[in-house]
A.B. asks: 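Structure in structure tokens, see below.
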Amino acid sequence: MEEVSDDVVPLETDDSSIVSAEKEISAAASSAKELRLKRLQTAAYCAAYIALGFKFGAVGPTVLLLTANLGVSQAEFGAFFIGRGVGWLIGCMVAGRLFQRFPGHRLIAISVLAVALWMIVLPFVKTLWLLVVMTAMVGFLASFMDVGTNFLTFQIWQEEANPYLQFLHFAFGIGAILAPFIVGAIVLVAPSGNELWPIYWTLAVLVGVCAILPIVVPSPTIAPDSSEKSEDGASPMVYSMRERVMRFVIVGLGAFTLFAYMGVEQTYGAWLVVYAVEHNHMPESEADFMSSAYWVALTLGRLAAVPIAARVSNRLVLLVDFIGVILSVGALVVFSFYSGPILIWIVTVTLGVSLASIFATIITLPTDLGMKISAKESSIFIVGASIGDLALPSFGSIVVGLVGPEALMWYVLACGVLSFAAFGVMSQLRLPRAEAMVGSESGDTVALVSPTDDDGAELEDLGRT
């Protein structure tokens with residue numbers, strides 16, 4: 001009997017080793033499958049952002065064609081941008097709640113296909129008010145791409161999201177840069193006076209292709225908002241008053257940082273040609289080329305930020321970025337008496353690179369502050385940026401009109417300083433997680449103590465039960 005027992009024990013040990021090895025292989029295969037799915041989902045968001053870049057990049061080069069098609073002046077055509085901005089802003093306000101409740105890829109696919117449909121119909125619209133209404137509606141839906149892609153990228157990658165967000169914004173630059181080249185190429189070959197529909201139909205096909213991945217790739221599962229009950233009836237997270245205030249302050253400062261940031265990025269990009277021609281007496285052709293170089297530097301800077309963001313902390317990246325913004329624009333203010341082209345060329349490229357990674361890094365900064373943002377909070381960041389995009393370049397035009405182009409860089413510098421200051425305050429905050437409260441089924445609350453405290457482990461376990 002002892003010999004039988006000796007023979008049996010090794011067999012049990014071998015079986016246990018085999019089972020353990022099978023579990024490890026299964027876990028590794030599951031992890032690899034999850035990683036592939038995350039990459040596919042990220043590719044779907046990049047495709048949607050390329051489509052968004054096509055939408056924004058095509059309008060500028062076709063303004064003259066659109067005004068001729070509508071029979072309106074360029075001043076009257078300004079209503080187009082107002083309609084787009086208003087629709088976009090309203091869409092950003094509601095998108096966060098929608099992405100918390102519905103499959104994100106479905107919403108993104110609807111958004112991309114709506115842009116494609118708008119491009120198909122656009123050449124045949126002959127009335128300005130109808131175009132404005134259509135553009136406002138499409139702006140409402142297109143904002144889902146902006147809010148949704150940023151939020152979902154952050155959700156699937158969490159603390160590792162920054163490099164992927166940088167690449168996401170680089171994808172937007174690809175569409176925005178390619179669109180003018182596509183417009184120019186079609187204008188060269190299309191019959192004169194009949195260029196509009198070939199341009200926008202070509203872009204509509206490309207945008208439609210960008211919708212394929214969001215349609216076929218499964219949407220990630222989003223955890224319910226901590227302020228609401230989940231579908232299984234679990235009680236919501238209840239925060240202490242201090243933590244609720246701190247979350248509000250962090251989100252508010254982040255939104256204001258992006259608000260002022262857009263004042264730098266968009267105002268400089270919109271008025272660079274005017275400043276270079278009227279203040280620096282630069283030939284208009286060279287100024288146009290310099291304007292393109294600014295957007296190219298911004299796009300390539302986002303690509304360069306991908307490996308940097310994977311290795312450097314968010315705070316350090318933002319600190320270096322803002323220092324670059326302040327020094328570059330400040331150089332044009334200090335040396336405003338110098339009208340040569342060399343300085344403004346250096347500043348333009350430096351500013352584009354410095355601005356490149358700010359937007360995406362601000363969105364991920366709350367993770368460094370101990371905060372996981374919800375879809376609604378993510379949409380507040382985008383709303384802040386959208387308001388800045390709408391208001392600050394327009395106010396810059398008032399400054400230029402009243403004072404002259406020489407005041408432009410003072411205005412841009414002021415926006416940069418405000419954005420830097422808001423980031424500086426935001427980066428010094430930290431969410432007091434030790435004071436988070438969890439609602440129990442009976443309605444009572446149990447304090448969650450940091451797991452680093454020995455005495456807190458039992459309370460944390462109690463809070464889960």
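Note that this is a predicted model, so its numbers are computed, not measured. Position 1 is the first residue of the sequence; numbering continues from there.
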A.B. asks: For Tyr275, does the OH atom have more than 12 heavy-atom neighbours from other residues, nucleotides or ligands under 6.0 Å away?
C.D. replies: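 Above 12, so yes.
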A.B. asks: Between atom CG of Leu253 and atom CG of Leu258, what is the distance when rounded to the nearest 0.5 Å?
C.D. replies: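 Nearest 0.5 Å value for the CG-CG distance: 11.0 Å.
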A.B. asks: Which pair of non-hydrogen atoms, one from Ala179 and one from Gly57, has the smallest distance, and what is that distance?
C.D. replies: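 It is CB-C, 3.6 Å.
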A.B. asks: Any idea which heavy atoms bring Lys55 and Trp118 closest together, and the distance?
C.D. replies: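 Smallest interatomic distance, heavy atoms only, reads CG-CZ3, 4.2 Å.
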A.B. asks: Please give me the minimum heavy-atom distance between Ala142 and Leu52, naming the atom from each residue.
C.D. replies: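 So the two residues come closest at O-CD1, 4.1 Å.
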A.B. asks: Please lay out, stage by stage, how Thr267 and Phe395 fare under the test side chain to side chain contact (heavy atoms under 4.5 Å, CB included).
C.D. replies: CA-CA 9 Å; Thr267 304; Phe395 189 74; over 6 Å; no
A.B. asks: Evaluate whether atom CZ of Phe181 has more than 12 neighbouring non-hydrogen atoms of other residues, nucleotides or ligands under 6.0 angstrom away.
C.D. replies: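 No, because the 6.0 Å sphere around CZ of Phe181 holds 12 heavy atoms or fewer from other groups.
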A.B. asks: CZ/Phe144 to CD1/Ile110 distance, rounded to the nearest 0.5 angstrom?
C.D. replies: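 Nearest 0.5 Å value for the CZ-CD1 distance: 8.5 Å.
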A.B. asks: Within the 4.5 Å heavy-atom criterion, are Lys33 and Arg36 side-chain neighbours or not?
C.D. replies: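 SC-SC contact between Lys33 and Arg36 confirmed.
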A.B. asks: Check the side chains of Tyr261 and Glu265 for a donor-acceptor pair under 3.5 angstrom, ignoring hydrogens and angles.
C.D. replies: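 Short answer, yes.
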A.B. asks: Apply the test side chain to side chain donor-acceptor pair (under 3.5 Å) to residues Gln166 and Thr361: give CA-CA distance (whole Å), side-chain angles for both, the deciding distance (0.1 Å), then the verdict.
C.D. replies: CA-CA 8 Å; Gln166 300 292 352; Thr361 310; 2.8 Å; yes
A.B. asks: Hey, can you tell me if Phe359 and His169 have their rings parallel, tilted or perpendicular (30° and 60° cut-offs)?
C.D. replies: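 Because their plane-to-plane angle lies in the 30° to 60° range, the rings of Phe359 and His169 count as tilted.
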A.B. asks: What's the spacing between Thr367 OG1 and Trp157 CH2 if we round to 0.5 Å?
C.D. replies: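 The CH2 atom of Trp157 is 15.0 Å from OG1 of Thr367, to the nearest 0.5 Å.
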A.B. asks: Side chains of Leu318 and Ile358: does their closest heavy-atom pair fall under 4.5 Å?
C.D. replies: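 Contact flag for Leu318/Ile358 side chains = yes.
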A.B. asks: Do the side chain of Asn162 and the main chain of Thr364 share a donor and acceptor less than 3.5 angstrom apart?
C.D. replies: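 Judged by distance alone, no pair lies under 3.5 Å.
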A.B. asks: In terms of the angle between their ring planes, are Phe322 and Phe423 parallel, tilted or perpendicular, with boundaries placed at 30° and 60°?
C.D. replies: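 Ring orientation of Phe322 relative to Phe423: parallel.
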A.B. asks: Any side-chain heavy atom of Glu160 within less than 4.5 Å of one from Lys38?
C.D. replies: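 Counting from C-beta outward, Glu160 and Lys38 never come under 4.5 Å.
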A.B. asks: Could you check if a side-chain atom of Phe381 sits within less than 4.5 angstrom of a side-chain atom of Pro366, using non-hydrogen atoms only?
C.D. replies: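 A side-chain contact under 4.5 Å exists here.
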A.B. asks: Evaluate ring-ring contact (aromatic ring centres under 6.0 Å, His included) for Phe167 paired with Phe170, printing each intermediate quantity in order.
C.D. replies: CA-CA 5 Å; Phe167 195 81; Phe170 167 71; 5.5 Å; yes
A.B. asks: Give a yes or no on whether the backbone of Leu65 and the side-chain of Thr62 come within a donor-acceptor separation of less than 3.5 Å.
C.D. replies: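 No; zero donor-acceptor contacts below 3.5 Å.
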A.B. asks: Any non-hydrogen side-chain atom of Val325 less than 4.5 Å from a side-chain atom of Phe420?
C.D. replies: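 A side-chain contact under 4.5 Å is absent here.
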A.B. asks: Could you tell me the separation between the CG atom of Leu122 and the CG atom of Leu66, rounded to the nearest 0.5 Å?
C.D. replies: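 Rounded to the nearest 0.5 Å, the CG-CG separation comes to 5.5 Å.
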A.B. asks: Check whether any side-chain N or O of Trp88 sits under 3.5 Å from a backbone N or O of Phe140 as a donor-acceptor pair, and report yes or no.
C.D. replies: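 It does not hold such a pair.
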A.B. asks: Could you go through the side chain to side chain contact (heavy atoms under 4.5 Å, CB included) check for Glu377 and Met371 one step at a time?
C.D. replies: CA-CA 11 Å; Glu377 290 166 335; Met371 175 179 172; 3.6 Å; yes
A.B. asks: Mind checking the CG-CD1 spacing from Leu165 to Ile363? Nearest 0.5 Å is all I need.
C.D. replies: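 CD1 of Ile363 is found 6.0 Å from CG of Leu165.
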A.B. asks: Hey, what do you get for OG1 (Thr153) to CZ (Phe151), rounding to the nearest 0.5 Å?
C.D. replies: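 Taking OG1 in Thr153 and CZ in Phe151, the distance rounds to 10.5 Å.
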A.B. asks: Under the 3.5 angstrom rule, does the side chain of Ser419 hit a backbone N or O of Cys415 as a donor-acceptor pair?
C.D. replies: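 No, Ser419 side chain to Cys415 backbone: no donor-acceptor pair under 3.5 Å.
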A.B. asks: Is the shortest side-chain heavy-atom distance between Ile344 and Met282 below 4.5 Å?
C.D. replies: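 The answer is yes, as the side chains (C-beta and beyond) meet within the 4.5 Å cut-off.
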A.B. asks: Quick check: do Leu117 and Val138 have side-chain heavy atoms less than 4.5 Å from each other?
C.D. replies: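 With C-beta onward as the side chain, the pair stays apart.
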A.B. asks: On a heavy-atom basis, which atom in Val273 and which in Ala287 lie closest, and how many Å separate them?
C.D. replies: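 So the minimum-distance heavy-atom pair works out to CG2-O, 3.7 Å.
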A.B. asks: Heavy atoms only: give me the nearest Pro198-Thr202 pair and the separation to one decimal.
C.D. replies: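 That closest heavy-atom pairing would be O-OG1, 2.6 Å.
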A.B. asks: So, the side chain of Arg315 versus the backbone of Ser427: is there a donor-acceptor pair under 3.5 Å, distance only?
C.D. replies: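 Yes.
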A.B. asks: Go through Tyr411 and Trp271 one step at a time and tell me if the ring-ring contact (aromatic ring centres under 6.0 Å, His included) criterion holds.
C.D. replies: CA-CA 11 Å; Tyr411 178 75; Trp271 291 97; over 10 Å; no
A.B. asks: Quick one: does Ser111's side chain have a donor or acceptor within less than 3.5 Å of a partner on Leu107's backbone?
C.D. replies: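 It does not hold such a pair.
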A.B. asks: Look at the aromatic rings of Phe80 and Phe77 and report parallel, tilted or perpendicular, splitting at 30° and 60°.
C.D. replies: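 Taking Phe77 first and then Phe80, their aromatic rings lie parallel (interplane angle under 30°).
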A.B. asks: Identify the two heavy atoms, one from Ser328 and one from Leu351, that lie closest to each other, and give their separation to 0.1 Å.
C.D. replies: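 Between these two residues, the closest heavy atoms are OG-CD1, 3.7 Å.
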A.B. asks: Can you list the steps and then say if Ile108 with Leu152 is a side chain to side chain contact (heavy atoms under 4.5 Å, CB included)?
C.D. replies: CA-CA 11 Å; Ile108 291 175; Leu152 294 175; 3.9 Å; yes
A.B. asks: Would you check if Tyr268 and Val347 make a side-chain contact, meaning some heavy-atom pair closer than 4.5 Å?
C.D. replies: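 Tyr268 vs Val347: side chains touch.
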A.B. asks: Under the side chain to side chain contact (heavy atoms under 4.5 Å, CB included) rule, what do Val207 and Val112 come out as? Steps first, then yes or no, please.
C.D. replies: CA-CA 7 Å; Val207 169; Val112 176; 3.7 Å; yes
A.B. asks: Is a side-chain donor or acceptor of Ser219 paired with a backbone partner of His105 at a separation under 3.5 angstrom?
C.D. replies: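 Answer holds: yes.
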